[in-house]
Amino acid sequence: MKQISYVMVKPYFANSKVIIDEIKRRLQLSGMKIMDESYIRYDKKRASMHYSEHIGKSFYPELEDYLTSDKAYGMIVAGENAIQVIRELMGQTKNPKEGTVRYDIPKALGIAMRITENVVHSSDSEESAKKEIGIFLQLKKEYSNQQTNNTAKTNKTKTSGSNFNKCDDDFVL
Ligand code: GDP
Ligand code: MG
């Protein structure tokens with residue numbers, strides 16, 4: 001059965017193109033097709049919509065702080081049994097197994113595996129995917145508008161002769 005899922009590289013990890021590319025590579029190796037993708041930035045309102053089922057739980061404040069702490073990277077992914085196939089690729093919430101993204105990426109980075117500050121999200125049902133993709137598409141539009149505004153501002157204040165290139169990639173795998 002062909003399904004659509006939503007995959008999101010969470011803040012901190014989304015600062016690395018190497019990590020994003022590694023997750024995309026694993027998705028594609030499993031026969032998944034990336035239909036749309038963008039950096040996004042969750043605010044408190046959209047974080048609470050995305051994680052509505054967890055509002056009121058003890059870890060929710062920490063989860064919301066994490067999701068809103070920096071930019072993330074969202075993807076709409078399609079494929080045969082996409083929901084389950086991708087959940088298996090990403091690994092379970094607690095004690096993910098070796099060979100999954102939630103295990104392998106922290107291990108490669110030499111950092112501790114964390115329950116709240118984990119690497120990636122993926123939808124747990126078609127219904128969740130639909131809701132999460134709706135939020136992603138709103139955020140994608142806002143992120144793109146924000147980038148356009150920033151470019152306009154930078155162009156206004158640009159000093160000649162500057163050859164400083166900001167590099168986002170602060171991880172080496
Ligand atoms: P997922 O679908 O595997 O991401 O897990 P859930 O939907 O149950 O939880 C959403 C996110 O909340 C997880 O990815 C974790 O970041 C965090 N989380 C879930 N359960 C716990 C928990 O028991 N403790 C803490 N600290 N964080 C949790
Ligand atoms: Mg979930």
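No hydrogens or angles considered: nothing links the side chains of Glu62 and Tyr66 as a donor-acceptor pair under 3.5 Å. With hydrogens and angles left out, the side-chain atoms of Glu132 and His121 include a donor and acceptor closer than 3.5 Å. Using modelled atom types and a 3.5 Å distance limit, the side chains of Gln84 and Glu88 yield a donor-acceptor pair. A donor and an acceptor atom, one from each side chain of Ser52 and Lys131, are located under 3.5 Å apart.
Rounded to the nearest 0.5 angstrom, Ile40 CD1 and Glu142 CD are separated by 10.5 Å. Atom CE of Met49 is separated from atom NZ of Lys44 by 15.5 Å, given to the nearest 0.5 angstrom. Separation of atoms CD1 (Ile19) and CD (Glu22) is listed at 9.5 Å; rounding is to 0.5 Å. Annotation: the span from Ser122 atom OG to Met8 atom CE amounts to 10.0 Å, rounded to 0.5 Å. Rounding to the nearest 0.5 Å gives a distance of 15.0 Å between CD1 of Ile20 and CZ of Arg25. Separating the CD atom in Gln146 from the OH atom in Tyr39 is a distance of 16.0 Å, to the nearest 0.5 Å.
With a 6.0 Å radius and a threshold of 12 heavy atoms from other residues, nucleotides or ligands, Asn149 has its CG atom above the threshold. The number of heavy atoms from other shown groups lying within 6.0 Å of CD (Glu127) does not exceed 12. In the displayed structure, Lys97 atom NZ is contacted under 6.0 Å by at most 12 heavy atoms of other residues, nucleotides or ligands.
A side-chain donor-acceptor contact under 3.5 Å links Ser123 to the backbone of Tyr6. Distance alone, capped at 3.5 Å, is enough to place a donor-acceptor pair between the Glu80 side chain and the Met1 backbone. Looking at Asp70, its side chain never comes within 3.5 Å of a backbone N or O of Pro11 through a donor-acceptor pair. Thr151 places a side-chain N or O within 3.5 Å of a backbone atom of Gln147 that can act as its donor or acceptor partner. Side chain of Arg41 to main chain of Thr68: a donor-acceptor pair is present (N/O by atom type, distance under 3.5 Å, no hydrogens or angles). Remark: the backbone N or O of Phe13 is not paired with any side-chain donor or acceptor of Ser16 at under 3.5 angstrom.
Across Ala129 and Ile4, no two heavy atoms sit closer than the pair CB-O, 3.5 Å. In terms of heavy-atom proximity, Arg102 sits nearest to Gly91 at NH1-O, 3.2 Å. The heavy-atom pair separating Arg26 from Gly99 by the smallest distance is NH1-O, 3.3 Å. Summarising the geometry of Met75 relative to Phe136, their closest heavy-atom pair is N-CE1, 4.4 Å, with the distance given to 0.1 Å. Between Tyr103 and Pro96, the closest heavy-atom pair is CD1-O, 3.4 Å.
Hydrophobic clustering places Ile55 together with Ile135 (ILVMFWY residues linked when any side-chain heavy atoms are closer than 4.5 Å, directly or through intermediates). Hydrophobic clustering of Ile, Leu, Val, Met, Phe, Trp and Tyr side chains at less than 4.5 Å, counting indirect connections, unites Val119 with Met90.
At least one side-chain heavy atom of Gln28 sits less than 4.5 Å from a side-chain heavy atom of Ile34. Proximity of Val7 to Ile76: side-chain heavy atoms (C-beta onward) are nowhere separated by under 4.5 Å. Within the 4.5 Å cutoff, no side-chain heavy atoms of Lys94 are placed close to those of Gln92.
Partner of Val9 under the side-chain contact (heavy atoms from CB on, under 4.5 Å) criterion, out of Ile105, Asn15, Ile23: Ile23 alone. Just one of Val101, Thr100, Leu89 meets the side-chain contact (heavy atoms from CB on, under 4.5 Å) condition when paired with Val120; it is Val101. Applying the side-chain contact (heavy atoms from CB on, under 4.5 Å) test between Ser5 and each of Ile86, Ile133, Asn81, Leu27 identifies Ile86 as the sole match.
Applying the salt bridge (Lys or Arg N to Asp or Glu O under 4.0 Å) criterion to Lys10, with sequence neighbours excluded, gives no partner residue. Considering only residues two or more places apart in sequence or on other chains, Arg87 meets the salt bridge (Lys or Arg N to Asp or Glu O under 4.0 Å) condition with none of them.
Ring to ring, Tyr51 and Tyr60 are not that close: their centroids are 6.0 angstrom or more apart.
By the 30° and 60° cut-offs, the orientation of the rings of His50 relative to Tyr42 is perpendicular.
Between Lys107 and Glu98 there is no salt bridge, since no side-chain N of the basic residue sits under 4.0 Å from a carboxylate O of the acidic one.
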